[in-house]
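Each residue takes its place number in the sequence, starting with 1. Note that ligands are numbered from 1 as they come in the structure, with each ligand's atoms numbered from 1 the same way.
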Amino acid sequence: MGRTSKDKRDVYYRLAKENGWRARSAFKLLQLDKEFQLFQGVTRAVDLCAAPGSWSQVLSQKIGGQGSGHVVAVDLQAMAPLPGVVQIQGDITQLSTAKEIIQHFKGCPADLVVCDGAPDVTGLHDVDEYMQAQLLLAALNIATHVLKPGGCFVAKIFRGRDVTLLYSQLQVFFSSVLCAKPRSSRNSSIDPDFNQLDGPTRIIVPFVTCGDLSSYDSDRSYPLDLEGGSEYKYTPPTQPPISPPYQEACTLKRKGQLAKEIRPQDCPISRVDTFPQ
Ligand code: SAM
């Protein structure tokens, strides 16, 4: 894939780089804020599953800018520092991490908890959905300890088959639960068969879309010269991952030690076995 291929496919990725955001996700939080005024009166916030840090950037700018704001960001991965953001590296499903976060807010609860957590996708839909739900529940558990009464909890959710169960769990703690889809989030993760439960266990929450309808559609491709005319110039990512999983491969490649592609004629086994049907 070429250097600009992701820019071509994903307009929000490109705009994030151009606007100095560490990830395209920044637009999701900004669009949610536009709809729900998430940051109004907020001085203390927790960003769970925060790396590479675009939501923390938004929080830092919106509530940390005045110096009185306080943001705690947590992720499995290391994250480059941000002004006004305290970082904790850890697994939010672990008790020790939850305790560390909770300790930060002793006596001074947070106004807002956000969680954009996503597990490493396996491609097995049910497993991915289950893992995502577990992350959301871990975030909810932390939120119940650190959020002030009447505070706001925003979390990414896969609208899969068991979404009803998650809604009912959220409704135990919050008087109002709704599902919002920012225009910058893609449609591809929606399972058309979601919410299959019937009868009294079926829960429907209001569904809201946010972001101008005239704003860019995350499922469309746009030309590289968005303004139509000015020549496209490549912008490098604002914050490349600090220790990406492919780092070892990059080092080996630099040293010319990365395994070369094996051509069939070089392969010691030239016969392909087929299994009986
Ligand atoms: N909101 C972030 C931003 O704007 O830059 C992007 C978050 S990214 C989509 C999902 C993050 O979830 C990854 O950085 C991943 O490391 C984190 N994550 C996944 N499982 C986690 C866990 N158990 N504990 C903490 N972080 C986790």
Side-chain angles (χ1 to χ4, degrees), residues 6 10 12-33 38-39 45-64 71-102 104 112-123 127-143 145-146 152-159 180-186 188-189 211 218 237-247:
K6 202 162 174 192
D10 188 338
Y12 282 102
Y13 173 78
R14 197 180 343 150
L15 289 173
K17 293 195 302 176
E18 285 168 11
N19 290 285
W21 299 116
R22 292 182 178 185
R24 66 191 299 291
S25 325
F27 294 107
K28 298 184 205 168
L29 195 57
L30 290 167
Q31 288 173 349
L32 287 169
D33 174 50
L38 290 180
F39 306 130
V46 186
D47 183 6
L48 299 171
C49 302
S54 77
W55 281 22
S56 288
Q57 273 182 296
V58 172
L59 290 169
S60 159
Q61 289 185 17
K62 295 277 181 181
I63 70 169
V71 180
V72 174
V74 189
D75 202 284
L76 282 174
Q77 298 177 46
M79 212 170 98
L82 279 169
V85 178
V86 175
Q87 286 186 34
I88 296 174
Q89 192 173 354
D91 181 345
I92 64 160
T93 64
Q94 294 295 310
L95 184 63
S96 54
T97 314
K99 278 184 175 166
E100 208 178 329
I101 302 165
I102 292 161
H104 264 278
L112 172 69
V113 175
V114 297
C115 176
D116 189 23
D120 282 342
V121 174
T122 64
V127 176
D128 293 338
E129 199 189 312
Y130 174 80
M131 302 280 281
Q132 165 69 21
Q134 293 310 301
L135 268 188
L136 192 143
L137 291 175
L140 174 63
N141 185 19
I142 292 167
H145 284 88
V146 300
C152 179
F153 176 59
V154 177
K156 175 150 75 192
I157 196 165
F158 284 0
R159 289 196 302 146
K181 174 174 177 322
R183 205 155 154 76
S184 51
S185 86
R186 299 186 193 98
S188 43
S189 56
S218 52
T238 306
Q239 179 59 59
I242 291 180
S243 50
Y246 49 82
Q247 199 162 32

Would you mind writing out a table of all protein N or O atoms found under 3.5 Å from any N or O atom of ligand 1, naming both atoms and giving the distance to 0.1 Å?
residue	atom	partner	partner atom	Å
ligand 1	1 (N)	Asp116	OD2	2.8
ligand 1	4 (O)	Ser54	N	3.3
ligand 1	4 (O)	Ser54	OG	2.4
ligand 1	4 (O)	Trp55	N	3.1
ligand 1	5 (O)	Ala50	O	3.4
ligand 1	5 (O)	Pro52	N	3.4
ligand 1	5 (O)	Gly53	N	2.9
ligand 1	5 (O)	Ser54	N	2.9
ligand 1	14 (O)	Ala51	O	3.1
ligand 1	14 (O)	Asp75	OD1	3.3
ligand 1	14 (O)	Asp75	OD2	2.9
ligand 1	16 (O)	Asp75	OD1	2.6
ligand 1	16 (O)	Gln77	NE2	3.1
ligand 1	23 (N)	Asp91	OD1	2.7
ligand 1	24 (N)	Ile92	N	3.0
ligand 1	26 (N)	Leu76	N	3.4

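In this structure a side-chain-to-backbone donor-acceptor pair under 3.5 Å is present from Gln31 to Arg183. Not a single donor-acceptor pair under 3.5 Å links the side chain of Arg22 to the backbone N or O of Gly53.
Residues that satisfy the ring pair (Phe, Tyr, Trp, His ring centres under 6.0 Å) test with Phe153, not counting sequence neighbours, are Phe174.
For Ile92 against Ile142, the heavy-atom pair with the smallest separation is O-CD1, 3.7 Å. Residue Leu82 comes nearest to Gln87 through the heavy atom pair N-NE2, 4.2 Å, listed as atom of the first residue, atom of the second, then distance. Minimum interatomic distance between Val86 and His104 (heavy atoms only, all atoms of both residues): CG1-CE1, 3.5 Å.
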